[in-house]
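Everything below concerns the one structure shown next.
In what follows, chains carry the letters A, B, and so on, assigned in the order in which the sequence lines appear, proteins first and then strands, with residues in each chain numbered from 1.
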Number of protein chains: 4
Amino acid sequence: MTETLPQTESVAADQLKCLIERIERLEEEKAGIAGDIKDVYAEAKANGFDTKALRRIVSIRKQDHAERQEQEAILDLYMQALGMAA
Amino acid sequence: MTETLPQTESVAADQLKCLIERIERLEEEKAGIAGDIKDVYAEAKANGFDTKALRRIVSIRKQDHAERQEQEAILDLYMQALGMAA
Amino acid sequence: MTETLPQTESVAADQLKCLIERIERLEEEKAGIAGDIKDVYAEAKANGFDTKALRRIVSIRKQDHAERQEQEAILDLYMQALGMAA
Amino acid sequence: MTETLPQTESVAADQLKCLIERIERLEEEKAGIAGDIKDVYAEAKANGFDTKALRRIVSIRKQDHAERQEQEAILDLYMQALGMAA
DNA sequence: AACGCATAAGTAAGAC
DNA sequence: GTCTTACTTATGCGTT
């Protein structure tokens, strides 16, 4: 990118470079945390816990209970209609 | 969990609770960063960049360049065999 | 691929071509069925059903109940430990 | 669903049941075909093909070739701007 | 026409 | 070492 090119192009290039660097930095951080999570599961396993069950609990707790039950209403209605009522 | 249960169980429960809380805290952080990444892509889009192409660049840069070209070779070979040579 | 190349190469190329064509044919079929499914949801919606709830029912029913409850045992144990018993 | 409920509800329930059964039947078919595809890849692998490259070829062929090159152009442009020109 | 969601593909890790 | 399973990414679809 030299001075023979229109300025707008080099500006866009700089902008692009900057965006990508920000993304890459953030992805690094994310990967670091993912590694930490893995470590916790490994530690749990080493202490005799079933990691598969662990993951399910985490997953279940993740569903926001408010929103979940909001949907539950419609769901229950349909399930009753099908004779699937719990 | 009352005093009628063996002590070892309550210890395990405490340990479990602790593990799960650590995981949940880390996952929150991870989700936060994922959100930040999304924001950067949104910003890029708002500035007229093609986010799909952006993602491809990030992805390409991620791959170890040596290993990348190794794959490219196999791919080219197959494509030639199919008469799909670029 | 001409007769100046070793025969084994052209054989491999034929084999490759054949494999790919089989895959492509199957993927076409699969896409056709996916389209049919979409149509059924559209029809359901046209009859006043909430497609989101519909999808959830289908999803719930998909989990093989036997295997699901098998896992449920461990899960319940852990949830009790956390004071999350339903 | 007994005669104490309004007739419209039981009609809706029947309709719903029917819709769900149709969806489930189609999803079964779809899963069957997905299995067939997996088998073809397995066969390819057994014959010494690199399945990863295979998948990429199938994927590439899927894209409308015109649209593909359109994307390639944008990508090249961005890569040049970053000094990543191949 | 653009946004977010939901499914589907591909990738990488863990179990047997 | 293979094979499944889980996670991540990507594409396409429905909605607004």
Between [atom2] of [N] and [atom1] of [X], the distance in whole Å:
X	N	atom1	atom2	result
A:Ile57	F:dA6	CD1	C1'	17 Å
B:Leu75	E:dG10	CG	C1'	15 Å
A:Ile37	F:dA6	CD1	P	16 Å
D:Arg61	E:dA9	CZ	P	17 Å
B:Asp50	F:dT11	CG	C1'	14 Å
D:Tyr41	E:dT11	OH	C1'	14 Å
D:Glu67	F:dT11	CD	C1'	11 Å

ask   = Rounded to the nearest 0.5 Å, what separation is found between the CG atom of D:Leu82 and the CD1 atom of A:Ile20?
value =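 Atom-to-atom, D:Leu82:CG and A:Ile20:CD1 are 4.5 Å apart.
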
ask   = Rounded to the nearest 0.5 Å, how far does CG of C:Asp50 lie from CZ of C:Arg55?
value =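 That separation rounds to 10.5 Å.
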
Which pairs, protein N/O on one side and nucleotides 1-4 of chain E N/O on the other, fall under 3.5 Å?
{"residue": "E:dC3", "atom": "OP2", "partner": "B:Lys45", "partner atom": "NZ", "Å": "2.7"}

task = Please indicate whether D:Glu28 has more than 12 foreign heavy atoms, meaning atoms of other residues, nucleotides or ligands, lying under 6.0 Å from its CD.
result =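 At most 12 heavy atoms, drawn from other residues, nucleotides or ligands, come within 6.0 Å of this atom.
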
message = Assess whether a salt bridge exists between A:Glu27 and B:Lys62, defined as any Lys/Arg side-chain N lying under 4.0 Å from an Asp/Glu carboxylate O.
response =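 Yes, A:Glu27 and B:Lys62 are salt-bridged.
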
Check [X] against [Y] and note the closest heavy-atom contact, atom names and distance.
X	Y	value
B:Ile33	A:Leu26	CG2-O, 3.4 Å
D:Ala53	B:Leu75	O-CD1, 4.2 Å
A:Tyr41	A:Thr51	O-CG2, 3.7 Å

message = Give me each pair satisfying salt bridge (charged side-chain N to carboxylate O under 4.0 Å, His left out) with a member in residues 31-49 of chain A, each pair once, sequence neighbours excluded.
response =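 For residues 31-49 of chain A, and leaving out neighbouring residues, the salt bridge (charged side-chain N to carboxylate O under 4.0 Å, His left out) pairs sorted by first residue read A:Glu43-B:Arg22.
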
ask   = Mapping A:Thr51 and D:Lys62 onto DNA chain E by nearest heavy atom, which one lands closer to the 5' end?
value =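 Result: D:Lys62.
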
Give every pair of a protein N or O atom and an N or O atom of nucleotides 6-8 of chain E that lie under 3.5 Å apart, one pair per line with the distance.
{"residue": "E:dA8", "atom": "OP1", "partner": "D:Lys30", "partner atom": "NZ", "Å": "2.5"}

ask   = Do D:Tyr78 and B:Arg56 have side chains that get closer than 4.5 Å, going by heavy atoms?
value =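 No, every pair of side-chain atoms sits at 4.5 Å or beyond.
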
